[in-house]
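Below is one structure, written out as structure tokens; the observations come after it.
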Amino acid sequence: STTTRTEKEVPGLLWIALISLSVMVVLKVLFVFTVGPAILIDAAWSGALLVGLYLGHKWAYVLTIVFVAIGTVSGLSKGIGNGLTILLLDCLVLVPVLMCKEYFFPKINNINKQ
């Protein structure tokens, strides 16, 4: 029988990233009145990324790396403290995702065993 991504068990470590990203999405929605409606676009992207990471999609793995890089550079343009804070928070998502690389890119031997 073939195993689809939705039948695959999410690694425990990846839950740290999923919960962190979920909290970030909620906070972005709550800050819409302070920051402005543009943050809703960021929240929507983060929500899509959350679903992609949960399902183990390769595009979500790659976009996580890209979004963390863009977010950090953007934050650094507003000051070193802001950039480092964003990097620290983003690492709650990035590090577990990087450590769960095999969930997104399974080895051929693992696929054949299932």
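Keep in mind that what you see is a predicted model, and the values were worked out from it rather than measured.
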Exercise for review: Might you point out which heavy atoms bring S46 and L21 nearest each other, and give the distance in Å?
Suggested key: O-CD2, 3.7 Å

Study note, to complete from the structure: Taken to the nearest 0.5 Å, the spacing of D90 CG from F67 CZ works out to 11.0 Å

Point to revise | Results of side-chain contact (heavy atoms from CB on, under 4.5 Å) for L88 - residues two or more places apart only | key: none

Review point. Taking a hydrophobic cluster as the set of Ile, Leu, Val, Met, Phe, Trp and Tyr residues connected by side-chain heavy atoms closer than 4.5 Å, whether directly or through intermediates, do V95 and V68 fall within one such cluster?
Key: no

Practice item. Establish whether L89 and V73 are linked, either directly or via other cluster members, by ILVMFWY side-chain heavy-atom contacts under 4.5 Å. Key: no

Review point. Mind checking whether V25 and F33 sit in one hydrophobic cluster, side chains of I, L, V, M, F, W, Y counted as touching below 4.5 Å?
Key: no

Practice item. Would you sort out whether L76 and I86 count as a side-chain contact (heavy atoms from CB on, under 4.5 Å), showing the intermediate values? Key: CA-CA 9 Å; L76 285 171; I86 290 172; over 6 Å; no

Point to revise | Nearest non-hydrogen partners of P96 and L13, listed with the distance | key: CB-O, 3.4 Å

Review point. Do the side chains of L92 and L84 join up, straight or via other hydrophobic residues, at under 4.5 Å, putting them in one cluster?
Key: no

Check your understanding: Any chance CH2 of W59 has more than 12 other-residue heavy atoms, nucleotides or ligands included, within less than 6.0 Å?
Key -> yes

Practice item. Check the hydrophobic clustering (I, L, V, M, F, W, Y; side-chain heavy atoms under 4.5 Å; chains of links allowed) and say if I16 and V23 are grouped together. Key: no

Review point. Which residues satisfy the ring-ring contact (aromatic ring centres under 6.0 Å, His included) test with Y61, sequence neighbours excluded?
Key: F104, F105

Check your understanding: For L18, which residues count as a side-chain contact (heavy atoms from CB on, under 4.5 Å) partner, sequence neighbours excluded?
Key -> V10, L14, W15, L50, L53, Y54

Exercise for review: Hey, could you give me the NZ/OH distance between K58 and Y103, rounded to the nearest 0.5 Å?
Suggested key: 11.5 Å

Review point. Where is the tightest heavy-atom contact between V93 and S20, given as atom of each residue plus distance?
Key: CG2-CB, 4.0 Å

Check your understanding: Of all heavy-atom pairs between L49 and A60, which one has the smallest distance, and what is that distance?
Key -> CD1-O, 3.4 Å

Exercise for review: Measure the spacing between NZ of K78 and OG1 of T85 and express it to the nearest 0.5 Å.
Suggested key: 12.5 Å

